[in-house]
Asks: 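I am attaching a structure below and will ask some questions about it afterwards.
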Number of protein chains: 2
Amino acid sequence: MKPLLVALATAALFAAALVADEGMWTFDNFPRKAVAEKYGVQITDEWLDRVQMAIVRLETGCTGSFASPDGLILTNNHCVRSCLAENSTAQRDLVGGGFSAASRDAEIRCQGEQASVLVETVNVTDQMTKALANVPPADAARVRNQTLTTLESTCEVDAEKAGTPLKCEAVSLYQGGQHWLYKYKRYDDVRLVFAPEYAIAAFGGDPDNFQFPRWCLDMSLLRAYENGKPASTPGHLPVNWAGAKQGEAAFVAGHPGTTQRLLTVAQLKAQRDVFLPFWLIRFSELRGRLAQYSKTSPEAARIATDYLDTVENSIKVRRMQLATLLDDRLMERREQEERKLREAVRADAALEALAGKAWDEIARAEATYRKILGPYTWLEGGAGFNSDLFGYARLIVRAAEERTKPNQERLREYTDAALEQVRQALAADVPVYPELEQLRLSYSLERMREHLGPDHPVVKRVLGSATPDERARQLIAGSTLASPKARLALFEGGQAAVDASKDPMIALAQAVDEEARALRKVYEEQVQVPEQQAQQAIADARFKVYGTSIYPDATFTLRLSYGSVQGWNEAGRPVDPFTQLSGLFERATGAAPFALPKTWLEAKPRLDLTTRVNFTTTNDIVGGNSGSPVINGAGEIVGLIFDGNIHSISGGFWYDAEMNRAVAVHPAFIRAALENVYKVPAIARELGIQAAATATAR
Amino acid sequence: MKPLLVALATAALFAAALVADEGMWTFDNFPRKAVAEKYGVQITDEWLDRVQMAIVRLETGCTGSFASPDGLILTNNHCVRSCLAENSTAQRDLVGGGFSAASRDAEIRCQGEQASVLVETVNVTDQMTKALANVPPADAARVRNQTLTTLESTCEVDAEKAGTPLKCEAVSLYQGGQHWLYKYKRYDDVRLVFAPEYAIAAFGGDPDNFQFPRWCLDMSLLRAYENGKPASTPGHLPVNWAGAKQGEAAFVAGHPGTTQRLLTVAQLKAQRDVFLPFWLIRFSELRGRLAQYSKTSPEAARIATDYLDTVENSIKVRRMQLATLLDDRLMERREQEERKLREAVRADAALEALAGKAWDEIARAEATYRKILGPYTWLEGGAGFNSDLFGYARLIVRAAEERTKPNQERLREYTDAALEQVRQALAADVPVYPELEQLRLSYSLERMREHLGPDHPVVKRVLGSATPDERARQLIAGSTLASPKARLALFEGGQAAVDASKDPMIALAQAVDEEARALRKVYEEQVQVPEQQAQQAIADARFKVYGTSIYPDATFTLRLSYGSVQGWNEAGRPVDPFTQLSGLFERATGAAPFALPKTWLEAKPRLDLTTRVNFTTTNDIVGGNSGSPVINGAGEIVGLIFDGNIHSISGGFWYDAEMNRAVAVHPAFIRAALENVYKVPAIARELGIQAAATATAR
């Protein structure tokens with residue numbers, strides 16, 4: 001699993017939701033009673049508060065948890081891979097070789113990373129409903145954006161005044177059924193403490209990804225800093241080094257990215273018919289280009305590996321998602337559920353007035369979505385300009401233009417509240433590899449030409465008489481945007497600096513902006529907002545028909561799932577929930593991705609080969625949960641989520657209690673690695689390994 | 001369009017078939033009356049006989065027509081691209097530079113090519129039905145194969161005795177509703193006479209493929225030889241250099257490859273859910289690898305271009321096919337049609353006994369197909385061993401084993417009748433490029449490992465502890481099979497020579513053969529034969545319910561379609577059926593694929609820019625029709641099919657009279673090229689261009 005895979009959708013079987021270990025629950029609506037009945041574990045307010053304050057959202061798309069009083073964050077190795085790559089050079093490959101800070105001074109800043117702790121949530125559904133009441137459809141998108149921006153900025157100003165600066169984010173839950181303001185304490189300074197080698201962290205590579213049995217040390221340690229010092233985090237979660245037993249209750253807290261279990265059939269079919277095939281064909285070719293490029297030299301392989309991993313992971317996810325949506329039995333079940341809810345709505349005049357037309361409105365919006373998906377994706381989605389330099393250029397061009405407008409009139413990602421993040425992205429000193437840029441940009445220009453056609457005005461304007469290869473080369477060679485200094489100068493200089501710039505990437509971003517913005521306007525006004533309004537009506541109706549004991553779709557916000565340590569039955573064959581070290585050494589062939597690093601081969605005689613390595617639980621998770629702790633009833637960390645089994649991918653649309661399993665690193669494996677392989681006593685001590693003897697003996 | 005794209009399926013609207021220009025008709029069942037009524041053209045027996053004898057099937061997957069009395073064959077440039085590539089070197093690129101034989105002595109043999117003329121057809125449905133009557137299901141596949149092999153070999157022995165050697169092939173029409181024996185005169189010696197440069201033949205490249213307006217000189221000339229001399233073909237078709245007028249009746253004769261208009265809904269859904277996504281993802285990545293490899297050097301680009309073109313073309317086709325099958329309206333219409341036919345069957349006891357269970361049997365077979373598609377494709381389909389050298393190895397290994405069995409017991413492609421083709425394939429001196437082999441083989445091994453899993457016994461046996469890259473390198477470096485002499489020695493040496501061989505590719509083909517053959521057995525016995533029997537029952541029932549005025553699905557056998565020269569209406573905008581030379585020069589940017597070759601840039605002042613270039617007709621065609629002549633009511637060639645518009649791709653499943661158009665080269669464009677650009681007077685004369693003045697003036 002990779003950080004925050006933007007995934008898709010299924011309607012939960014609401015009646016069955018509390019029987020199966022289903023749901024990514026908000027902390028305010030956790031089904032404590034069902035958990036107590038099924039597992040005999042009482043989840044208290046104190047338990048919830050403590051866990052909430054110990055979980056961090058890594059803004060690049062993962063979860064982590066504080067595991068020491070000095071801001072140490074336990075997360076996955078794959079969650080820090082970009083940070084490792086950005087701090088690597090041809091001479092020093094931190095992804096391949098791993099990293100261990102000899103002292104706190106040697107901890108390396110992850111430029112693009114931020115860690116956020118959710119400290120408070122406020123329900124603002126009423127404000128949103130009021131603001132949008134009687135607003136004509138043509139204005140709805142604008143009013144919605146303005147309201148959200150105002151809510152957020154007021155919240156941040158108030159917090160600033162109170163002396164406790166917070167980041168405030170508007171969140172829609174239940175596909176628009178509820179609106180909330182989420183308030184985060186954000187750590188902007190996050191540093192790398194420890195990461196094992198790629199070969200053991202991702203042992204088995206893409207072939208084993210989403211598979212089980214498994215043997216991956218997919219862990220790493222970061223540290224949150226505040227004012228240049230390690231953050232004080234007394235509320236951290238202790239690790240129980242014995243781990244969880246088979247059948248024991250297990251809780252996973254984290255920030256699952258996206259599920260689409262509440263989508264209508266029209267929305268699901270658009271995913272099935274248009275979005276997923278389009279995406280899969282596009283990224284499969286990109287995968288081929290990256291893989292072939294990787295073969296040209298070891299340095300090329302190093303440069304491409306992080307991006308290639310992400311692409312391969314996403315392909316696996318979307319391939320399974322498409323297979324799920326192509327299963328007519330699932331679609332028919334969803335159609336039945338939808339029919340049933342619509343009948344209930346029709347049978348009640350008040351509900352009919354509220355939501356009677358909602359499904360048709362969504363179907364209409366989806367028809368528009370199907371029509372614009374191509375151009376929207378290529379131009380506004382940026383698929384036609386797959387390049388970090390272009391990404392910077394667009395940020396700069398749009399930030400300049402948006403800052404000339406009042407805060408509430410801006411695109412949502414350029415409000416005052418958001419601009420600091422734009423600035424940080426531009427300031428981050430991460431490497432730009434011209435060869436990789438060339439590969440990505442030439443590819444995306446070529447495919448854009450194929451899909452929009454050589455006669456499309458934007459294609460003609462962008463390519464002129466050049467081939468995609470030639471044009472990409474000119475753009476990349478001519479651009480200064482690989483330099484953070486150059487980027488910041490343009491950002492600070494605003495519209496005048498942008499207009500005066502001779503940077504060809506800036507010129508490109510300007511040249512396509514009118515069409516791109518026009519498509520975004522169509523998308524927001526004719527797809528997004530009407531769908532959100534209709535979905536809100538459906539969500540309201542669903543609350544009224546089925547009650548509130550349902551959970552919202554995942555939205556990369558804090559959730560808690562429950563379950564237990566369990567294997568499953570694969571085609572008649574039981575799969576044991578645990579793997580052990582002996583299996584790792586048996587599986588190692590010496591050839592990547594089944595080659596063990598030297599550290600492990602040398603350490604073998606010192607290791608207890610019955611040590612548990614990875615394990616599975618029934619918890620309902622999804623991409624974004626990467627790095628989430630598995631927590632026991634006592635509030636101790638007993639595992640580290642890093643993947644799901646192959647069946648868990650359908651979890652974007654539905655939870656299958658029989659087959660869906662989360663995959664976690666066992667604490668015993670981490671302990672063996674720190675103590676007997678990498679021999680990092682300071683880190684082991686900080687994680688309380690001295691104290692662990694007690695825990696193990698309990 | 002590319003040679004013989006194995007395509008998919010739709011049920012024709014039988015009632016409407018004669019109203020629209022729908023159908024790829026066999027010559028014995030051409031709807032003359034409907035054509036006479038609609039177009040006022042009387043198609044006589046003489047017309048049909050003459051056309052049939054002038055059409056050749058190019059065995060690599062295209063159509064051509066005799067266009068001179070000396071065996072000259074008019075076909076597409078893309079149909080001879082493999083021949084051009086095989087005869088190219090790093091110093092002399094015939095694909096890019098084109099080819100023109102200075103004299104007949106200079107004509108180049110296309111090693112892999114054969115040209116066949118259909119001279120007779122015999123209906124053998126009764127024999128097949130009798131042979132299979134009362135055969136238990138477990139034996140049906142074997143008996144079917146034996147019967148076909150016997151029919152073919154008897155036919156060939158008889159022809160040999162009569163002094164007129166023929167190739168006899170069993171053909172199933174109407175998805176098994178009829179069985180025929182087709183007898184061909186085959187020319188084994190086919191040579192290259194003329195081909196323009198790639199840049200003008202495929203002007204617009206992949207972006208313009210399946211698009212219109214269009215400006216492609218997608219033509220070439222081959223010559224059939226007999227006993228080392230140009231074949232005598234007095235029945236050739238003359239070219240009418242004026243071409244067809246808008247609205248004029250147009251006939252297309254040729255060998256359309258595959259349509260699937262008579263498939264059941266269960267079969268269509270297996271294509272939609274399993275086959276097409278699997279194929280598209282696999283080949284999109286291969287496209288990326290080939291494209292990236294092409295960038296490493298001009299020689300790499302030359303080596304990869306033919307294969308890359310084929311892959312890109314197929315992706316475009318299958319992408320549209322998937323979109324077609326994902327259109328629920330189409331699927332619902334097919335479900336309705338199926339329900340209607342099933343009701344008619346149920347209402348008649350005799351029909352019920354014949355076909356009542358057929359649909360359920362197909363659904364059962366498709367369930368098996370879904371299960372085995374993966375392993376079957378990787379192992380028996382050879383997708384896991386994408387390599388010419390492996391292809392040779394499998395031919396050699398299987399030919400050796402099969403020849404130890406009686407003729408009737410062999411796999412169908414190794415019967416006595418078929419072995420000569422195996423021998424010719426092994427003897428053909430076509431280049432094998434180790435770098436391209438490495439790319440294809442390492443890719444396919446890697447994906448096979450991903451899909452079957454690293455623990456699959458064949459994967460373990462094939463890879464051992466090597467990476468796919470390493471293993472591919474060993475196999476390719478160690479193999480001698482790039483040499484035709486080495487291949488023939490193994491072929492002639494039979495089982496003993498194969499067993500004594502130390503060639504690693506031979507060893508690989510042997511090592512996977514047991515599992516591959518086992519999967520083939522499952523496929524034939526549990527999918528193919530039960531489906532053919534069920535489809536035959538459905539076809540019989542359909543004849544009885546709807547009569548015989550229906551056409552069979554395309555099977556790469558001779559067909560005739562009718563229609564007229566017409567544009568269409570694209571989203572409210574009328575598309576003119578003709579393009580002219582001025583448009584070609586306007587569209588040329590100087591950058592591939594929109595760069596004109598020097599010959600055309602220099603010739604521009606000599607050219608009449610109003611000359612017609614390409615045009616569209618309503619004819620119902622599909623891949624395999626590439627190179628088919630467009631013929632007028634007088635039996636003259638008035639165009640050369642080379643593509644369809646984007647809507648024509650759905651033609652695998654249904655014919656849409658409003659939107660479906662064939663795309664052809666206009667004779668005036670060919671004439672201008674031969675007379676004013678390439679200045680090849682001997683060829684122009686042989687094509688009767690002197691006489692054309694009369695035709696033009698008519």
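Order of the sequence lines fixes the chain letters, A, B, ..., with proteins taken first and strands second; residue numbering starts at 1 for each chain.
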Asks: Looking at chain A, which one of Glu470(B), Arg447(B), His451(B) has the largest number of heavy-atom pairs inside 4.5 Å, strictly under?
Replies: Arg447(B)
Asks: Please give me the minimum heavy-atom distance between Ser465(A) and Thr589(B), naming the atom from each residue.
Replies: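 Minimum heavy-atom separation between Ser465(A) and Thr589(B): CB-O, 3.4 Å.
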Asks: Among the options Leu463(A), Leu439(A), Leu286(A), pick out the one with the most heavy-atom pairs lying under 4.5 Å from chain B.
Replies: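 Top count of heavy-atom pairs under 4.5 Å with chain B: Leu439(A).
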Asks: Mind checking the CD-CG spacing from Glu285(A) to Leu280(B)? Nearest 0.5 Å is all I need.
Replies: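 CG of Leu280(B) is found 12.0 Å from CD of Glu285(A).
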Asks: Side chain, backbone, both or neither: which part of Asp327(B) has a non-hydrogen atom closer than 4.5 Å to chain A?
Replies: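 Contact with chain A involves no heavy atom of Asp327(B) at all.
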Asks: Using non-hydrogen atoms only, which part of Ala323(A) is less than 4.5 Å away from chain B: side chain, backbone, both, or neither?
Replies: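 Neither; nothing under 4.5 Å.
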Asks: Mind checking the CG-CG spacing from Leu325(B) to Leu326(A)? Nearest 0.5 Å is all I need.
Replies: 10.5 Å
Asks: What pair of heavy atoms forms the shortest contact from Phe594(A) to Arg449(B), and how long is it?
Replies: CE1-NH1, 4.0 Å
Asks: Nearest 0.5 Å please: distance from the CG atom of Asp273(B) over to the CG atom of Leu322(A).
Replies: 8.5 Å
Asks: Are any of the side-chain heavy atoms of Gln292(A) and Thr296(B) separated by less than 4.5 Å?
Replies: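 No; the side chains remain at least 4.5 Å from each other.
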Asks: Would you give the length of the straight line joining atom CZ of Phe283(B) to atom CD1 of Ile281(A), rounded to the nearest 0.5 angstrom?
Replies: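 Reported to 0.5 Å precision, the distance equals 13.0 Å.
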Asks: For the pair Arg287(B) and Glu450(A), evaluate salt bridge (Lys or Arg N to Asp or Glu O under 4.0 Å) and give the outcome as yes or no after the intermediate values.
Replies: CA-CA 14 Å; Arg287(B) 178 188 194 179; Glu450(A) 177 188 335; 3.0 Å; yes
Asks: Nearest 0.5 Å, please: how far is OG in Ser284(A) from CZ in Arg289(B)?
Replies: 11.0 Å
Asks: Chain B heavy atoms under 4.5 Å from Gln438(A): which part of the residue, side chain, backbone, both or neither?
Replies: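 Gln438(A) has no heavy atom closer than 4.5 Å to chain B.
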Asks: If you define the side chain from C-beta out and look only at heavy atoms, does anything of Asp206(A) sit under 4.5 Å from Glu446(B)?
Replies: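 Asp206(A) vs Glu446(B): side chains apart.
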Asks: What part of Asp208(A) lies closer than 4.5 angstrom to a heavy atom of chain B: side chain, backbone, both or neither?
Replies: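 Interface part for Asp208(A): side chain.
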Asks: Between chain B and each of Gln211(A), Lys269(A), Arg282(A), Lys295(A), count heavy-atom pairs under 4.5 Å; write down the option with the most.
Replies: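 Among Gln211(A), Lys269(A), Arg282(A), Lys295(A), the one with the most close pairs to chain B is Lys295(A).
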Asks: Let's test your reading of the structure: which of Pro207(A), Ala588(A), Gly204(A), Gly464(A) forms the most heavy-atom pairs below 4.5 Å with chain B?
Replies: Pro207(A)
